[in-house]
Amino acid sequence: MPVSPSSSARAARAAVAARLRELMLDARIDGKELSARCRWHPSKTSRILSGKSTPSESDIRQWCGACDSGDQAEDLIAASRAVELMYVEWRKQHRHGMRQVQEDSLSQHSSTAVCRAYVSNVVPGFLQTEAYATALMSSITDFQGTPDDVADAVAARLKRGRLLYEGNHRFVVLAEEAVLRYRIGDARTMAEQLRHLLAVMPLPSVALGIIPFSAPRRMWPLEAFYLFDDGEASVETLTAEISVVQPRELVDYHRAFAELARAAAYGAPARALIASAIEALD
């Protein structure tokens, strides 16, 4: 597994390593003896204990067996799997196409009361039109070289838009003005998308703020992130999705969102920025 830039993932990986170390100490053996019992090189044991390498499920079973603690294996495997879920490469998620990921996202949004989204590159999925989503997801599929199930993935993504009208959900969105200007698809696609933003702004479930190019900055532009109630943040990088659950990191993301919100324009000024972007397409 790639080394995650998220300290949540690092801390979780370190916790697994600490539990493995405890088993070794309880068995009164050192790293050299454990390596011999597992029949692997001592450097592998060192990498696992330092958190530089994530043990496979087989590794964990061997480790527990070498420490006469086979009953601990399943719990440790579950903990290790949780670490892997914190940092997942897009290519791995999309290895069979994008539809399943979109359906999983719908499930997550459906169980969230308040979703806060900061976007610096594209319109968030739950506010996308069909043409915009198709253009965007086609380009992602081409770039990643993953299976093309864009039509099915778009259909799954559009289901998220229904949550604007159904249930007790609220979506608080902060978008950089650049999002209105980046050309996803052709001019007609962009104009339709921007008009859709104007159409959903009056909905009671939606709060949309636009951060103007000229806004004084206390927070610099960040990669897109989503806050699901108070329990999780999802950060989108070029190559991976990072799930943040560590409390102190969540505090930082909520603080960043609040700072970005102070720089945003709302209501009539936000609509004027969208209208200006539409006019620029003519």
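This one's a predicted model, so the numbers in the text were calculated from it and none came from an experiment.
Side-chain contact annotation: S139 with D142, donor-acceptor N/O pair under 3.5 Å absent. Remark: the D104 side chain and the S107 side chain contain no N/O donor-acceptor pair separated by less than 3.5 Å. E241 and S234 form a side-chain donor-acceptor contact under 3.5 Å, judged by distance and modelled atom types alone.
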Problem - Check against side-chain contact (heavy atoms from CB on, under 4.5 Å), I184 and M190 - result: CA-CA 6 Å; I184 305 296; M190 278 304 302; 4.1 Å; yes
Exercise for the section: Before giving the answer on side-chain contact (heavy atoms from CB on, under 4.5 Å), spell out for W90 and E236 the whole-Å C-alpha distance, their side-chain angles and the decisive distance to 0.1 Å. Expected result: CA-CA 9 Å; W90 291 119; E236 297 182 346; 3.9 Å; yes
Practice task
Test D59 against K44 for side-chain contact (heavy atoms from CB on, under 4.5 Å), laying out the working first.
Solution key: CA-CA 10 Å; D59 292 339; K44 178 174 179 176; 2.9 Å; yes
Handout entry: Stepwise salt bridge (Lys or Arg N to Asp or Glu O under 4.0 Å) check, E22 with R19
Key = CA-CA 5 Å; E22 287 174 5; R19 290 180 64 184; over 6 Å; no
Exercise for the section: Applying side-chain contact (heavy atoms from CB on, under 4.5 Å), run through D26 and S69 and close with a yes or a no. Expected result: CA-CA 9 Å; D26 289 344; S69 300; 6.0 Å; no
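If you take OG on S35 and CD on Q62, they are separated by 11.0 Å, rounding to the nearest 0.5 Å. Distance check: Q108 CD to C115 SG gives 8.0 Å after rounding to the nearest 0.5 Å. Note: D75 CG to S80 OG = 12.5 Å, rounded to the nearest 0.5 Å. Considering CG of L222 and CG of N121, their distance stands at 11.5 Å, rounded to 0.5 Å. In this structure, the separation between CZ on R95 and CD on Q100 is 10.0 Å, given to the nearest 0.5 Å. Atom CG of L158 and atom CD of Q128 lie 8.0 Å apart (nearest 0.5 Å).
Note on L227: it does not cluster hydrophobically with V251, by side-chain heavy-atom contacts below 4.5 Å among ILVMFWY residues. Cluster annotation: Y266 and V114 are assigned to the same hydrophobic cluster (Ile/Leu/Val/Met/Phe/Trp/Tyr, side-chain heavy-atom contacts under 4.5 Å, transitive). If you chain together hydrophobic residues whose side chains sit under 4.5 Å apart, I210 and F171 fall into the same group. Transitive grouping of hydrophobic side chains (ILVMFWY, heavy atoms separated by less than 4.5 Å) keeps V88 and M98 in distinct clusters. Tracing side-chain contacts under 4.5 Å through hydrophobic residues (I, L, V, M, F, W, Y), one reaches F126 starting from I140; they form part of the same cluster.
Nearest heavy-atom pair across I29 and C67 is CD1-SG, 4.2 Å. Taking both residues in full, the closest heavy atoms of R183 and G185 are given as CG-O, 3.2 Å, listed atom of the first, atom of the second, then distance. Contact record, T141 with T146: CG2-O, 3.2 Å, taken as the closest heavy-atom pair. Shown here for R99 and D149, the closest heavy-atom pair between the two residues is N-OD2, 3.0 Å. When every heavy atom of S120 is checked against every heavy atom of A224, the shortest pair comes out as OG-N, 4.0 Å. Considering all non-hydrogen atoms of both residues, G267 and M201 come closest at O-CE, 4.0 Å.
A search for salt bridge (Lys or Arg N to Asp or Glu O under 4.0 Å) contacts involving E33 returns R37, not counting sequence neighbours. For Y253, the ring pair (Phe, Tyr, Trp, His ring centres under 6.0 Å) test picks out F225, with sequence neighbours left out. The salt bridge (Lys or Arg N to Asp or Glu O under 4.0 Å) search around R217 returns E176, not counting sequence neighbours.
Within a 6.0 Å sphere centred on OH of Y182, heavy atoms belonging to other residues, nucleotides or ligands number 12 at most. In this structure, D71 places its CG atom where more than 12 heavy-atom neighbours from other residues, nucleotides or ligands lie under 6.0 Å away. Counting non-hydrogen atoms of other residues, nucleotides and ligands closer than 6.0 Å to CZ of R28 gives a total of 12 or fewer.
Inter-residue side-chain proximity for R61 and E74 is flagged as met; some heavy-atom pair is nearer than 4.5 Å. Looking at heavy atoms from C-beta onward, L163 lies in side-chain contact with S110 at the 4.5 angstrom threshold. Within the 4.5 Å cutoff, side-chain heavy atoms of F213 are placed close to those of R181. For the pair V173/V206, no side-chain contact is recorded, criterion being any heavy-atom separation below 4.5 Å from C-beta on. Annotation: side chain of H41 is not in contact with side chain of S46 (no heavy-atom distance under 4.5 Å). No side-chain heavy atom of V244 sits under 4.5 Å from any side-chain heavy atom of D252. By the 4.5 Å heavy-atom criterion applied to side chains, E232 and Y226 are not counted as neighbours.
In terms of modelled atom types and a separation under 3.5 Å, the side chain of S138 and the main chain of T134 share a donor-acceptor contact. Without hydrogens or angle criteria, Y132 side chain to V123 main chain gives a donor-acceptor distance under 3.5 Å. No side-chain donor-acceptor contact under 3.5 Å links Y118 to the backbone of A261. A donor-acceptor pair is defined here as one N or O able to donate and one able to accept, closer than 3.5 Å; no such pair exists between the side chain of H96 and the backbone of P147. Checking side-chain atoms of D229 against main-chain N and O of G231 turns up no donor-acceptor pair under 3.5 Å.
The aromatic rings of W63 and W40 are tilted relative to each other, their planes meeting at an angle between 30° and 60°.
For the pairing with L127, the side-chain contact (heavy atoms from CB on, under 4.5 Å) check across L197, V122, V119 returns one residue only, L197.
The hydrophobic cluster containing V101, built from Ile/Leu/Val/Met/Phe/Trp/Tyr side-chain heavy atoms closer than 4.5 Å, comprises no other residue. The hydrophobic cluster containing L238 also includes F143, under a criterion of side-chain heavy atoms closer than 4.5 Å among ILVMFWY residues, counted directly or through chains of members.
Residue pairs satisfying the salt bridge (Lys or Arg N to Asp or Glu O under 4.0 Å) criterion with at least one member in residues 151-173, sequence neighbours excluded, are absent.
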